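Keep in mind it's a predicted model, so treat the numbers as computed, not measured. Chain naming here is simple, since letters A, B, ... match the order of the sequence lines and numbering starts at 1 in each.
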Amino acid sequence: MPDGIDVVRPYGDTTGDGMVQLSFTLPVPPGPRAEGAALQLAGKMGIAPAMVVHSHGIGGGGGGGAAFTFFVVYGPVRHLVDLAAVQVEERAYPLLSPGEVDGAIRAGLHRQLVVLGACIGTDAHTVGIDAILNIKGFAGEKGLEYHREMRVANLGAQVTVPELVARARAERADAVLVSQVVTQRDAHLRNTRELAAAFREAMGEARPLLVVGGPRFDPAMAAELGVDRVFGRGTTPGEVASYLVHALIGSRRPDTPAPEDP
Amino acid sequence: MPDGIDVVRPYGDTTGDGMVQLSFTLPVPPGPRAEGAALQLAGKMGIAPAMVVHSHGIGGGGGGGAAFTFFVVYGPVRHLVDLAAVQVEERAYPLLSPGEVDGAIRAGLHRQLVVLGACIGTDAHTVGIDAILNIKGFAGEKGLEYHREMRVANLGAQVTVPELVARARAERADAVLVSQVVTQRDAHLRNTRELAAAFREAMGEARPLLVVGGPRFDPAMAAELGVDRVFGRGTTPGEVASYLVHALIGSRRPDTPAPEDP
Amino acid sequence: MTARLDLDPALVTRARELAACAAQPVVDLARAHTTVSVERAVLRLAGLTGTDPVTGDGDRREGTARDGTATDRVPWVNRVVDAVRDQVGLEHGVALPVWHALASGAAPDLQAVAEQVGAGTARFVVPTGAGAERARDAARAAVAAGLARVDANRARREELVARLGDAPRRPWVYLIVATGDIHEDIPQAQAAARAGADVIAVIRSTGQSLLDYVPEGATRTGYAGTYATQENFRLMRAALDDVSAELGRYVRLTNYASGLCMPEIAVLAGLERLDMMLNDAMYGILFRDINPRRTFVDQRFSRMVHARAGIVINTGEDNYLTTADAVDEAHTVTVSQLLNETLAKEAGLEDWQLGLGHAFEIDPDLPDSFRLELAHALLARSLFPDAPLKWMPPTKHMTGDVFRGYLLDGFFNLAGALTGQGILLVGMMTEAVVTPWLSDRDLALRNVRYVLDAAGGLVEDFAPPPGGFIDRRADSVLREAVALLERIADHPQGLIQAIADGTFGITRRPPDGGKGLDGVVALTAEAYNPALELLEAVRA
Amino acid sequence: MTARLDLDPALVTRARELAACAAQPVVDLARAHTTVSVERAVLRLAGLTGTDPVTGDGDRREGTARDGTATDRVPWVNRVVDAVRDQVGLEHGVALPVWHALASGAAPDLQAVAEQVGAGTARFVVPTGAGAERARDAARAAVAAGLARVDANRARREELVARLGDAPRRPWVYLIVATGDIHEDIPQAQAAARAGADVIAVIRSTGQSLLDYVPEGATRTGYAGTYATQENFRLMRAALDDVSAELGRYVRLTNYASGLCMPEIAVLAGLERLDMMLNDAMYGILFRDINPRRTFVDQRFSRMVHARAGIVINTGEDNYLTTADAVDEAHTVTVSQLLNETLAKEAGLEDWQLGLGHAFEIDPDLPDSFRLELAHALLARSLFPDAPLKWMPPTKHMTGDVFRGYLLDGFFNLAGALTGQGILLVGMMTEAVVTPWLSDRDLALRNVRYVLDAAGGLVEDFAPPPGGFIDRRADSVLREAVALLERIADHPQGLIQAIADGTFGITRRPPDGGKGLDGVVALTAEAYNPALELLEAVRA
Ligand code: B12
Ligand code: B12
Ligand SMILES: Cc1ncc(COP(=O)(O)O)c(C=O)c1O
Ligand SMILES: Cc1ncc(COP(=O)(O)O)c(C=O)c1O
């Protein structure tokens, strides 16, 4: 795509054709009414003309007919994508090498940076937070524990928010890193809001930097969730370390003061 | 779905969750900007919050980076589907057995019903029209040729519109059945409009019943295309035969007069 | 019909001997202890149900919704066991003091004992001599009634299978429902059964395994799974009985025993005619950080109940491969299968009840990954020729590319068919995205049907040659497994030490760490557990 | 490495003898006739290009767009051949009158002859004696220059393959682009090559095969395919040369010869270094209703050109299975392959150039469908051990369920790997929906890569036993094929009669029906075709 072009459409097989593929299930038995309903939905989504290219009933057989219909729809969306208006959580900070990270902490903080990590709520998926924290790391990068200038405690899974607040206070944590993988019924959003509220209440302005991550987070949601930064799928330890340096040492943002120096 | 419920939403794993799956390609190199663009599009389609659960570059490798990004998106659509507002091309006529079809023609027309079939334009996909016309038929139903009271001529593929008009006039066709399978660049719509215009011009009110079919047609488009009826994917010969009886003999619609009796 | 590998028979014998030896310390431990959950299970078998109405936060707490049942009310069995423990300790078991109270006329029935506990008026003592004899007899009779119900369910299952018909073929097609709401789960389970599922598993809400009680009632408020409760079991079994009758084929129901309440959940499964249960000797330890001692005592009791109920267990070796690499750590799966086998047999389970777990979790980008999967799967098949084997689909390497996921699941299904797996857990294209949708399940079943119908017979043409890639790989995994077992068996603490060393799923769990250790109690010589007595009597 | 079936060798020999016998009437027919397109091909080899500027409707007609080239302008080769035919007939060929005109000084060069035709001033006579000798020499020299360019292209291909490297393995991965716009096709083809395609085919616009001329220029206005023009060939070959250099592997280009202009398109392919061509002895007859005589004359000439150009042909047996049932009519595929083989060899093609077609088109809902596919594919593999074989993906039974389609394509890929196919046409999940999207192609290549990398080695373990399902099925298809060949060879008109009887793709085509018969001309004894002479000389 040549630079300078700001408005694009999805690309099926020709520039500008706007083609997309969509699938969903409606709680309607299969038949012309269901197909009409599917076309109505596709139309509301901006697909015109929409083609229902496949449908089949779900849950039928045996006694009763199917109560649901699954659809595959193809067609062009009329919407334009305005690249100029895209909100990108661009990395507003440089990606530092491990040596640079340690150097920055040494120079800027004159002590170890204290990082706490945990999975909160009933989430027991530790692989993601381990990938960020453990020496073994992720995608060829070593985790935060590797840094000489960081003191990292990985509290593991199913940690409650009050426990985490207490530990953060006790350890004088600079940053608290929380992983949330289960998203059913927006568990991850609820838990993150609860986390933010608890830290706000317990520590006010003096709270540590709050960082959450997990594969289904939208990085643009940090403010809305009341945390400082959100990392999504495929995050690497280096990105997180660089961010910590940026936020806690480099260019401290006015609205997220770091904890008082001891 | 209990009767009486008129407003539904897509069903992922709970009633009303609105969940859909979407995939498309944007002409933007992979990266945060592309993901943001994908989220913007999903948002415009009414998916909120949208999750970009997968993306990969297309066309990269070797020299340059990828110029396109493919996305898979999941999330809830906010739109409601109003079942009461669904436009269904319901069969407004009874489905007749082959015997009933022949009986109706005998009783109502006192001569054989003349049917011409063809694929027009450069479309050479004859399997669909053959399924409707040939004895062999489709889905266990015999094709129109099976009917004693019909005289069927299947002109095959790549028939031009002028040829077809000439044949229809010569044979005093009651109905002309046209198949269109190739849809790239809306070839099927263009060809159908051309068909309708040519018959209108050549024969005016006296034109035969015009029926088109093919897997990618939306049956609701007949009026817009200037034909009497459109059949979509999975049509069976019996549906077509029943329609012909209904339209030409049974309850002749005021706006689509059948050809003058000879 | 299925391809088998010619494994070195001496090696196979040696592997089993070593496993038995490594497991012995665990068996000894389990025989010498009880747990709060084992004792609660005894009360459940004796018929005690319900919750203390003055406990719980009702709908103010997480895990409880406006339209669901309070899932945090404390069951009577907990209240009673806690009271006994407070007053006389648990080292004699709960049966002696409780049935002594009953026999001595302090309460007319078990429910009344519980209500006295609730009111704070219950007083327990440990009887001796004739009093103990009397309490034992009464307890035995009460528990026997519960076991009779378990036996009746087993007979009923056999009758239904005979009358309605069984799954049409192996592998059994096993599908998960996981909405969190039993009333959404039911129609989804029925839809899946109609579309071809032979087994339905209801996944539990996150966090339930760490609850030291079993919630009660029909629930609608789970996260990424539905609470395992007796009422949910009953509702789902009834719904599947309906659909079984409709389809003319008995559809099996599965739930999860592992967690802090293994013994009780095993009892509830027996009472409500569940057909299969996830039950691994080590899963709770490794993946839920439950104390090893607690787990080992609980798992033995729960497995004895399953043995009696005619329930097929599913072990959890597949989970190791979600944290550890499926190629590097393939031999730990084999070792764990051998350990699960030896512990299961000690608890009275038979070969046909051993759904030993393994999984298709090799990085699909690895060259020859599919053939490596075949090698591992055939190794398990050849090592445990009479066990059904539970074959888990790809999860770790699934991504949001649902098309790729659907393909991978197809190859998983093919591997299952080619290697004669007994229980095929159907993979979902949305594995990396969401808990399965209704449509995911349906599409997944279409995938299974295509593969089994179109290519299932390929076993006739599948003949990995001796000395070929598959044969060599299987042999080397077996050798690594035996070497590891040698190291484990070498240690006086055997398996307990191996777990502390991080042998499985690269997770270290020391014997005194984790949750629930305070629920473990060393038994005295006079301790009495009527359930254990009755369960062991049959086996003797 | 690949599994082979032990076919009955007597049966195989008999099959080949019968095929040669059935094809003989076709060869005789082809030798005795020329066609307008054969004659135009001679002029193209001699270097005549361009269109008559006063013909065509410019952008008013379908097939022509504002930003593209007029695709309906009449090429000079057509104008000249038509003029010759009008004035002196074609039964001597076009070379004698045209080069007589040149040799006698009526025009300085071929282009000038064409312009005289355009102006209506050209006068042709058929020379005799020394005049004929002179015309023949001049014509031979002119055509030899064209053939030299074809030879140079063949050498250049060999050099590029040697220098850059070849496709990394068999099967070659073959992908289609079909936007209708050469400028959209190019980046899509390059993207596909980068993602792993070894061969790119540019599908033609619907209807081109019925044009009795080859459009000219770079075109952007095709429907469901892009016009085959010399300029489009050149642009795409250049773009693939760029990407070949970038990737360090020679990426092949394919187009379609079949249609009313087979001979000319074959020449253009040779001149622009295409690497493979769809070229079936019967496709045009059966699927485009082109006259059988026209087709048989044209295909022989076009194949001789391909033989010279070192081009691999792809035959079209797969198409039968889109109209006929893949199980019932499996033997017609085998018969057609044998006929295509015998006709191809007669035209000078060698085994390595025979991409004989077959396809994965059995109804996937049929039990054991995958194994039936394997049986058919192995039969072809075993019958034509030295031919590359072109393996076509499922199309007929693809539906709008793109998930199922993606799975089916995966099993198609597996069958291709297990049976040693040479050229793997990559299936698209959107087969039943649209011409392939950029993303479809990319996903399809990911599918191929997974299957070949993860499971390609499974051939080691794939050993259909003698007397087993696969072996029995292959044997019975071969027997049915021989029986059918016997019936065909029995008739004096052989294949020509079989086609009239509806033997292939359940389509009947009488020898005198269909399009283009008026372009067929019986040759006199004095007829001269310099291209045929030069092409046959090499073979002798
Ligand atoms: C491994 C796994 C497990 C293992 C976990 C082992 C362990 N110790 O973690 C086991 C087998 C125990 C397990 C169990 C369950 N699982 Co699970 N599991 C997975 C699986 C297969 C892979 C997850 C993973 O390890 N990814 C690899 C890591 C590296 O990726 P990641 O987590 O995205 O982390 C990266 C980024 O997101 C980011 N990141 C993540 N956290 C953080 C934190 C910070 C601070 C930062 C900066 C970055 C960051 O950086 C990481 C590196 O890039 C997924 C399916 C899948 N393929 O994704 C299901 C999945 C996550 N599990 C799921 C479920 C439902 C469960 C269960 C609840 C099922 C049940 N009811 O029994 C149980 C119970 C678990 C519980 N109580 O939470 C669901 C969640 C559905 C949803 N969206 O809500 C999934 C998606 C499967 C599914 N489709 O149903 N699971
Ligand atoms: C078979 C087939 C062919 C055969 C056709 C043989 C023949 N004699 O028909 C062959 C191999 C020759 C062929 C060639 C090509 N094909 Co084709 N082909 C198909 C295929 C695999 C199946 C179509 C089919 O037979 N369906 C079965 C019939 C029974 O279904 P149907 O047509 O939908 O008909 C039903 C209804 O729609 C309805 N109906 C249809 N017509 C009518 C008419 C009336 C009056 C009524 C009442 C009802 C009705 O009733 C029928 C019964 O239910 C499809 C892919 C697919 N799986 O769908 C591609 C497909 C249709 N082909 C396609 C293309 C592009 C081509 C080519 C143009 C490619 C090329 N450039 O070379 C060529 C050229 C053909 C041409 N000039 O038109 C595309 C069309 C893309 C698009 N949407 O525009 C498809 C979708 C494949 C693809 N994804 O690229 N093809
Ligand atoms: C053996 C075993 N037990 C239990 C579970 C589920 O346990 P929980 O409910 O703690 O997530 C699993 C999950 O896969 C398992 O494999
Ligand atoms: C052998 C052969 N030739 C030609 C074609 C394409 O021909 P057309 O351009 O006429 O559609 C095909 C299509 O699949 C084919 O198989």
For chain B, which candidate among [options] shows the most heavy-atom pairs at distances under 4.5 Å?
options: Ala224(D), Ala191(D), Gly207(D), Ala432(D); answer: Ala224(D)
options: Thr435(D), Leu438(D), Asp242(D); answer: Leu438(D)
options: Leu445(D), Leu210(D), Thr323(D), Val434(D); answer: Leu210(D)
options: Ala192(D), Gly222(D), Ala245(D); answer: Gly222(D)
options: Leu443(D), Val243(D), Thr322(D); answer: Leu443(D)

Check each atom of [X] against the heavy atoms of chain B and say whether the ones under 4.5 Å are side chain, backbone, both or neither.
X: Ser439(D); result: both
X: Arg441(D); result: neither
X: Ala178(D); result: backbone

Any chance the side chains of [X] and [Y] put a donor and an acceptor closer than 3.5 Å?
X: Glu361(D); Y: Thr395(D); result: yes
X: Glu163(B); Y: Thr160(B); result: yes
X: Thr219(D); Y: Asn232(D); result: yes

With a 4.5 angstrom heavy-atom cut-off, could you sort out which part of Phe68(B) is near chain D: side chain, backbone, both or neither?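 For Phe68(B), the contact with chain D is made by the side chain alone.
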Can you tell me which portion of Arg185(B) sits under 4.5 Å from chain D's heavy atoms? Options are side chain, backbone, both or neither. both
Under the side chain to side chain contact (heavy atoms under 4.5 Å, CB included) criterion, do Arg449(D) and Asn447(D) qualify, and how do the steps go? CA-CA 5 Å; Arg449(D) 273 203 304 276; Asn447(D) 188 323; over 6 Å; no
Evaluate the ring planes of His56(B) and Phe70(B), with Trp represented by its six-membered ring, and classify them as parallel (under 30°), tilted (30 to 60°) or perpendicular (over 60°). tilted
Test: Arg249(D) and Asp198(D) ion pair at under 4.0 Å: yes
Side-chain heavy atoms of Asp289(D) within contact of Arg509(D), under 4.5 Å: yes
